[in-house]
Amino acid sequence: MKVQPLPQSFFEQPTLELAKGLLGKLLVKESASGTASGWIVETEAYIGPGDRAAHSFGNRRTPRTEIMFAAPGYVYTYVMHTHCLVNVVSGKVDQPEAVLIRAVEPYQGLELMYERRGEKKKEQELTNGPGKLTKALGIDRNDYGRRFVEPPLYIAKGRQPGIIMSGPRIGIDNSGEAREYPWRFWVKGNRFVSR
DNA sequence: GAGGCGATTGCCT
DNA sequence: GGCAATCGCCTCG
(Lines give C-alpha, C1' and ligand atoms only; values in the text may rest on other atoms or scores of the structure.)
Protein backbone atom coordinates (compact mmCIF):
# COMPACT_ATOMS: atom_id res chain seq x y z
CA MET A 1 0.00 0.00 0.00
CA LYS A 2 1.36 3.35 -0.99
CA VAL A 3 1.60 5.78 1.88
CA GLN A 4 0.49 9.28 1.12
CA PRO A 5 -0.96 12.15 3.15
CA LEU A 6 -4.69 12.55 3.63
CA PRO A 7 -6.20 15.69 2.04
CA GLN A 8 -6.94 18.87 3.93
CA SER A 9 -10.65 18.04 3.83
CA PHE A 10 -10.12 15.17 6.25
CA PHE A 11 -9.31 17.64 9.00
CA GLU A 12 -12.37 19.76 8.32
CA GLN A 13 -14.80 17.88 10.51
CA PRO A 14 -16.02 18.50 14.07
CA THR A 15 -13.31 17.90 16.64
CA LEU A 16 -14.99 14.94 18.33
CA GLU A 17 -15.55 13.33 14.92
CA LEU A 18 -11.95 13.97 13.96
CA ALA A 19 -10.71 12.47 17.24
CA LYS A 20 -12.57 9.25 16.40
CA GLY A 21 -11.68 9.47 12.70
CA LEU A 22 -7.98 9.60 13.49
CA LEU A 23 -8.09 6.14 15.08
CA GLY A 24 -6.62 3.61 12.69
CA LYS A 25 -4.89 6.28 10.59
CA LEU A 26 -1.15 6.19 10.03
CA LEU A 27 1.05 8.84 11.65
CA VAL A 28 4.26 9.23 9.65
CA LYS A 29 7.49 11.11 10.43
CA GLU A 30 10.34 11.34 7.97
CA SER A 31 13.77 12.39 9.15
CA ALA A 32 17.41 12.30 8.14
CA SER A 33 17.80 8.96 9.90
CA GLY A 34 14.80 7.36 8.24
CA THR A 35 11.03 7.06 8.27
CA ALA A 36 9.03 5.91 11.27
CA SER A 37 5.28 5.49 11.45
CA GLY A 38 2.51 3.99 13.52
CA TRP A 39 -1.23 3.36 13.55
CA ILE A 40 -3.06 5.80 15.80
CA VAL A 41 -4.88 3.87 18.54
CA GLU A 42 -5.67 6.53 21.15
CA THR A 43 -6.68 10.22 20.99
CA GLU A 44 -8.20 12.94 23.16
CA ALA A 45 -10.22 15.99 22.11
CA TYR A 46 -9.62 19.46 23.59
CA ILE A 47 -12.30 21.98 22.76
CA GLY A 48 -10.88 25.29 23.86
CA PRO A 49 -13.50 27.89 24.74
CA GLY A 50 -15.51 25.79 27.19
CA ASP A 51 -12.94 23.17 28.15
CA ARG A 52 -10.95 23.97 31.27
CA ALA A 53 -8.44 21.27 30.43
CA ALA A 54 -7.48 22.92 27.14
CA HIS A 55 -4.63 25.39 26.86
CA SER A 56 -6.98 27.59 24.89
CA PHE A 57 -9.73 27.60 27.55
CA GLY A 58 -11.73 30.80 27.41
CA ASN A 59 -10.07 31.65 24.09
CA ARG A 60 -6.79 32.31 25.87
CA ARG A 61 -4.52 33.41 23.09
CA THR A 62 -0.76 33.41 23.57
CA PRO A 63 2.23 32.72 21.37
CA ARG A 64 2.02 29.08 22.40
CA THR A 65 -1.69 28.58 21.74
CA GLU A 66 -1.74 30.74 18.64
CA ILE A 67 -1.60 27.76 16.32
CA MET A 68 -4.84 26.38 17.78
CA PHE A 69 -6.69 29.36 16.31
CA ALA A 70 -5.46 28.54 12.84
CA ALA A 71 -7.14 26.32 10.26
CA PRO A 72 -7.44 22.59 11.01
CA GLY A 73 -4.60 20.27 10.10
CA TYR A 74 -1.74 22.16 11.74
CA VAL A 75 0.74 20.50 14.10
CA TYR A 76 0.68 21.67 17.72
CA THR A 77 3.58 20.34 19.75
CA TYR A 78 3.87 21.06 23.44
CA VAL A 79 6.87 20.49 25.69
CA MET A 80 6.22 19.33 29.22
CA HIS A 81 9.05 18.58 31.65
CA THR A 82 11.36 16.31 29.68
CA HIS A 83 8.79 15.27 27.10
CA CYS A 84 7.08 16.52 24.00
CA LEU A 85 3.43 15.92 23.08
CA VAL A 86 1.78 16.21 19.69
CA ASN A 87 -1.69 17.49 18.78
CA VAL A 88 -3.68 17.92 15.59
CA VAL A 89 -5.26 21.37 15.36
CA SER A 90 -8.99 21.10 14.70
CA GLY A 91 -11.99 23.39 14.31
CA LYS A 92 -12.37 26.25 11.90
CA VAL A 93 -10.21 29.37 11.97
CA ASP A 94 -10.66 31.15 15.34
CA GLN A 95 -12.02 28.00 16.94
CA PRO A 96 -9.12 26.87 19.18
CA GLU A 97 -9.64 23.13 19.27
CA ALA A 98 -7.23 20.21 18.99
CA VAL A 99 -6.84 16.46 19.21
CA LEU A 100 -4.03 15.00 21.30
CA ILE A 101 -2.46 11.84 19.94
CA ARG A 102 -1.88 9.65 22.99
CA ALA A 103 -0.70 6.34 21.52
CA VAL A 104 0.21 4.58 18.28
CA GLU A 105 1.05 1.03 17.24
CA PRO A 106 4.47 0.84 15.53
CA TYR A 107 4.42 0.10 11.81
CA GLN A 108 7.47 1.30 9.88
CA GLY A 109 10.89 2.03 11.33
CA LEU A 110 10.84 -0.31 14.31
CA GLU A 111 14.63 -0.33 14.52
CA LEU A 112 14.71 3.44 14.51
CA MET A 113 12.25 3.49 17.38
CA TYR A 114 14.35 1.11 19.45
CA GLU A 115 17.35 3.28 18.74
CA ARG A 116 15.55 6.37 19.97
CA ARG A 117 13.79 4.77 22.94
CA GLY A 118 16.41 2.28 24.10
CA GLU A 119 17.04 -1.27 22.96
CA LYS A 120 15.91 -3.23 25.96
CA LYS A 121 12.22 -2.60 25.86
CA LYS A 122 9.07 -4.46 25.11
CA GLU A 123 7.63 -3.43 21.79
CA GLN A 124 4.52 -2.02 23.40
CA GLU A 125 6.56 0.33 25.55
CA LEU A 126 7.89 2.10 22.48
CA THR A 127 4.76 4.11 21.79
CA ASN A 128 2.08 3.48 24.44
CA GLY A 129 1.98 7.04 25.77
CA PRO A 130 1.94 10.59 24.39
CA GLY A 131 5.51 11.39 25.42
CA LYS A 132 6.79 8.02 24.28
CA LEU A 133 5.40 8.05 20.78
CA THR A 134 6.84 11.47 20.02
CA LYS A 135 10.28 10.27 21.02
CA ALA A 136 9.93 7.02 19.08
CA LEU A 137 8.81 8.84 15.93
CA GLY A 138 11.25 11.72 16.37
CA ILE A 139 8.62 14.45 16.76
CA ASP A 140 9.71 17.54 18.70
CA ARG A 141 9.04 21.25 19.09
CA ASN A 142 10.59 21.93 15.70
CA ASP A 143 7.48 20.36 14.22
CA TYR A 144 5.27 23.04 15.78
CA GLY A 145 3.42 24.89 13.01
CA ARG A 146 3.87 22.28 10.33
CA ARG A 147 0.84 20.85 8.53
CA PHE A 148 -0.18 17.20 8.68
CA VAL A 149 -0.90 17.07 4.94
CA GLU A 150 2.69 16.94 3.72
CA PRO A 151 6.11 15.50 4.63
CA PRO A 152 8.06 15.31 6.82
CA LEU A 153 5.19 14.88 9.28
CA TYR A 154 1.81 13.73 8.07
CA ILE A 155 -1.22 11.50 8.55
CA ALA A 156 -2.00 8.85 5.96
CA LYS A 157 -4.84 6.53 5.19
CA GLY A 158 -4.89 3.66 7.62
CA ARG A 159 -6.91 0.58 8.36
CA GLN A 160 -10.19 -0.22 10.06
CA PRO A 161 -9.70 0.63 13.75
CA GLY A 162 -12.05 -2.00 15.13
CA ILE A 163 -14.30 -1.16 18.05
CA ILE A 164 -13.95 2.40 19.34
CA MET A 165 -14.32 3.10 23.05
CA SER A 166 -14.63 6.46 24.82
CA GLY A 167 -14.17 7.71 28.36
CA PRO A 168 -12.73 10.50 30.53
CA ARG A 169 -9.38 12.00 29.61
CA ILE A 170 -6.11 11.42 31.43
CA GLY A 171 -3.82 13.74 33.34
CA ILE A 172 -6.18 16.67 33.79
CA ASP A 173 -7.22 16.17 37.42
CA ASN A 174 -7.22 19.86 38.23
CA SER A 175 -9.63 20.86 35.48
CA GLY A 176 -12.94 20.92 37.36
CA GLU A 177 -15.89 19.30 35.68
CA ALA A 178 -14.03 19.14 32.36
CA ARG A 179 -12.26 16.16 33.86
CA GLU A 180 -15.41 14.10 33.37
CA TYR A 181 -16.01 14.77 29.70
CA PRO A 182 -15.76 11.47 27.75
CA TRP A 183 -13.45 12.94 25.14
CA ARG A 184 -10.81 10.23 25.12
CA PHE A 185 -11.12 7.67 22.35
CA TRP A 186 -9.25 4.43 21.87
CA VAL A 187 -9.31 1.16 19.96
CA LYS A 188 -10.77 -1.57 22.13
CA GLY A 189 -8.33 -4.29 23.07
CA ASN A 190 -5.28 -2.75 21.38
CA ARG A 191 -2.25 -3.38 23.55
CA PHE A 192 -0.59 -0.08 22.69
CA VAL A 193 -3.32 1.98 24.36
CA SER A 194 -1.73 3.80 27.31
CA ARG A 195 -3.97 2.20 29.94
C1' DG B 1 2.08 -0.78 42.23
C1' DA B 2 2.63 3.45 44.16
C1' DG B 3 5.08 7.41 44.98
C1' DG B 4 8.34 10.95 44.02
C1' DC B 5 11.14 13.77 41.16
C1' DG B 6 13.35 15.33 37.01
C1' DA B 7 14.57 19.73 34.49
C1' DT B 8 11.99 22.58 29.94
C1' DT B 9 9.00 26.12 28.43
C1' DG B 10 6.36 29.93 28.58
C1' DC B 11 2.82 32.44 31.01
C1' DC B 12 1.75 35.34 34.84
C1' DT B 13 2.79 38.37 39.03
C1' DG C 1 11.50 35.43 39.15
C1' DG C 2 8.14 31.97 40.28
C1' DC C 3 5.36 28.25 39.14
C1' DA C 4 2.38 24.88 36.82
C1' DA C 5 2.10 21.84 33.06
C1' DT C 6 -2.22 17.04 27.88
C1' DC C 7 4.42 12.83 31.43
C1' DG C 8 7.93 9.05 32.09
C1' DC C 9 11.24 6.73 34.70
C1' DC C 10 13.37 5.01 38.57
C1' DT C 11 13.23 3.37 43.17
C1' DC C 12 11.37 1.12 46.86
C1' DG C 13 8.66 -2.51 48.75
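Throughout, protein chains are lettered first and strands after them, A, B, ... in sequence-line order, and every chain is numbered starting at 1. Predicted, not measured: the structure shown is a model, and the values here were computed from it.
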Which is more 5' along DNA chain C, the nucleotide nearest A:Glu125 or the one nearest A:Ile172? Just name the residue.
A:Ile172

Name every residue in residues 178-195 of chain A that has at least one heavy atom under 4.0 Å from any atom of DNA chain C, in order of residue number, or write none if there are no such residues.
none

Numerically ordered, the residues 81-92 of chain A set in heavy-atom contact under 4.0 Å with DNA chain C is A:His81, A:His83, A:Leu85, A:Asn87

[X] side chain to [Y] backbone, donor-acceptor under 3.5 Å:
X: A:Glu180; Y: A:Glu177; result: no
X: A:Ser166; Y: A:Arg184; result: no
X: A:Arg169; Y: A:Ala178; result: yes
X: A:Arg117; Y: A:Leu126; result: yes
X: A:Thr62; Y: A:Thr65; result: yes

[Y] and [X], any side-chain heavy atoms less than 4.5 Å apart:
X: A:Leu26; Y: A:Val3; result: yes
X: A:Ser31; Y: A:Pro152; result: no
X: A:Val28; Y: A:Tyr154; result: yes

Just to be sure I understand the geometry, which residues of residues 17-24 of chain A put a non-hydrogen atom under 4.0 Å away from DNA chain B?
none

Identify, residue by residue, the members of residues 59-77 of chain A with a heavy atom below 4.0 Å from DNA chain B, and return them in order of residue number, or none.
A:Arg60, A:Thr62, A:Pro63, A:Arg64

Ionic contact status for A:Asp140 with A:Lys29, cut-off 4.0 Å:
no

From OG (A:Ser90) to CD (A:Gln13), nearest 0.5 Å
7.5 Å

To the nearest 0.5 Å, what is the distance between CZ (A:Arg147) and CG (A:Leu153)?
12.0 Å

Base, sugar-phosphate alone, or nothing: which one does [X] contact when heavy atoms must sit under 4.0 Å apart?
X: A:Ala98; value: nothing
X: A:Arg52; value: nothing
X: A:Arg169; value: nothing

Let's go through A:Glu42 and A:Ser194 carefully: what are the C-alpha distance in whole Å and the side-chain angles of both, what is the deciding distance for side chain to side chain donor-acceptor pair (under 3.5 Å) to 0.1 Å, and is it a yes or a no?
CA-CA 8 Å; A:Glu42 184 179 358; A:Ser194 62; 3.0 Å; yes

Please give, in whole Å, the distance from [N] [atom2] to [X] [atom1]?
X: A:Tyr144; N: B:dT9; atom1: OH; atom2: C1'; value: 12 Å
X: A:Asn128; N: C:dC7; atom1: CG; atom2: P; value: 13 Å
X: A:Met80; N: B:dC5; atom1: CE; atom2: P; value: 15 Å
X: A:Tyr78; N: B:dC11; atom1: OH; atom2: C1'; value: 10 Å
X: A:Phe57; N: B:dC12; atom1: CZ; atom2: P; value: 13 Å

Using every non-hydrogen atom in the two residues, find where A:Met113 and A:Tyr107 come nearest and quote the distance to one decimal.
CE-N, 4.4 Å

Which pair of heavy atoms, one from A:Lys157 and one from A:Trp39, lies closest together, and at what distance?
O-CZ3, 4.5 Å

Is there a side-chain contact between A:Arg102 and the phosphate of C:dC7, meaning an N or O under 4.0 Å from OP1 or OP2?
yes

Donor-acceptor pairs are to be reported for all side-chain atoms of residues 68-88 of chain A against protein atoms at under 3.5 Å, with residues two or more places apart or in another chain.
unit_1	atom_1	unit_2	atom_2	d
A:Tyr76	OH	A:His55	ND1	2.9
A:Thr77	OG1	A:Tyr144	N	3.4
A:Asn87	ND2	A:Tyr76	O	3.2

Pair pattern of DNA chain C in dot-bracket, where unpaired bases get dots and | marks partners in another strand, Watson-Crick or G-U under 3.5 angstrom
|||||.||||||.

Audit row: A:Glu66, A:Arg61, salt bridge (charged side-chain N to carboxylate O under 4.0 Å, His left out) steps and yes/no
CA-CA 6 Å; A:Glu66 183 64 29; A:Arg61 194 161 188 156; 2.9 Å; yes

